[in-house]
Amino acid sequence: MEFLIQFLGLLAIISWLIGTQSKSKKGILLTQIISSTFYCVQYIFLKAYTGALIDIITIIRNILFYFEERKNKNISKKFLIIFAIIIKKS
């Protein structure tokens with residue numbers, strides 16, 4: 001089980017690094033969604049539920065931003081403030 005947890009962390013880091021090389025906002029957001037998903041599963045296996053909850057919020061935020069970007073809309077500052085408050089409270 002420990003190997004699986006470490007492997008999920010490695011996949012998360014690799015996907016995050018790939019995202020930093022992306023030239024488009026959509027590509028960055030997509031790889032961040034993948035990376036956060038790996039981290040979330042890793043935290044669940046580690047029974048670190050607060051970390052998993054924060055990653056779930058991050059995944060939801062990135063999905064919302066991804067679809068806003070696909071519509072070529074600017075991301076509203078109110079969404080940023082709402083997600084910052086949610087993460088601060090959790």
Interatomic distance, R61 atom CZ to L29 atom CG [nearest 0.5 angstrom]: 8.5 Å
Check whether L64 and Y66 end up in the same hydrophobic cluster, where Ile, Leu, Val, Met, Phe, Trp and Tyr are linked by side-chain heavy atoms less than 4.5 Å apart. yes
Separation between OH (Y39) and OG1 (T58), nearest 0.5 Å, reads 11.5 Å
Starting at CG of N62, measure out to OG1 of T37 and round the result to the nearest 0.5 Å. 9.0 Å
Decide yes or no on side-chain contact (heavy atoms from CB on, under 4.5 Å) for Q6 and F3, but give the supporting numbers first. CA-CA 5 Å; Q6 297 296 328; F3 175 76; 5.6 Å; no
Does one hydrophobic cluster hold both I44 and I59, with members joined at side-chain heavy-atom distances below 4.5 Å? no
CD1/I28 to CD/E69 distance, rounded to the nearest 0.5 angstrom? 9.5 Å
Who are the side-chain contact (heavy atoms from CB on, under 4.5 Å) partners of L8, not counting sequence neighbours? L4, F38, V41, Q42, F45
Measure the CD1-CG distance between I5 and L10 for me, rounded to the nearest 0.5 Å. 14.0 Å
For the hydrophobic clusters of this structure (ILVMFWY residues joined by side-chain heavy atoms under 4.5 Å, transitively), does one cluster hold both I34 and I60? no
Do the side chains of F67 and F65 join up, straight or via other hydrophobic residues, at under 4.5 Å, putting them in one cluster? yes
Using a 3.5 Å cut-off and no angle test, enumerate the donor-acceptor pairs between side-chain atoms of residues 11-22 and protein atoms at least two apart in sequence or in another chain.
from: S15; atom 1: OG; to: L11; atom 2: O; distance (Å): 3.1
from: S15; atom 1: OG; to: A12; atom 2: O; distance (Å): 3.0
from: T20; atom 1: OG1; to: L17; atom 2: O; distance (Å): 2.6
from: S22; atom 1: OG; to: S24; atom 2: N; distance (Å): 3.4
from: S22; atom 1: OG; to: S24; atom 2: O; distance (Å): 3.4

Drop me the distance from Q32's CD to K25's NZ, to the nearest 0.5 angstrom. 12.5 Å
Does the S35 side chain pair with the main chain of T31, one donor and one acceptor, at a distance under 3.5 Å? no
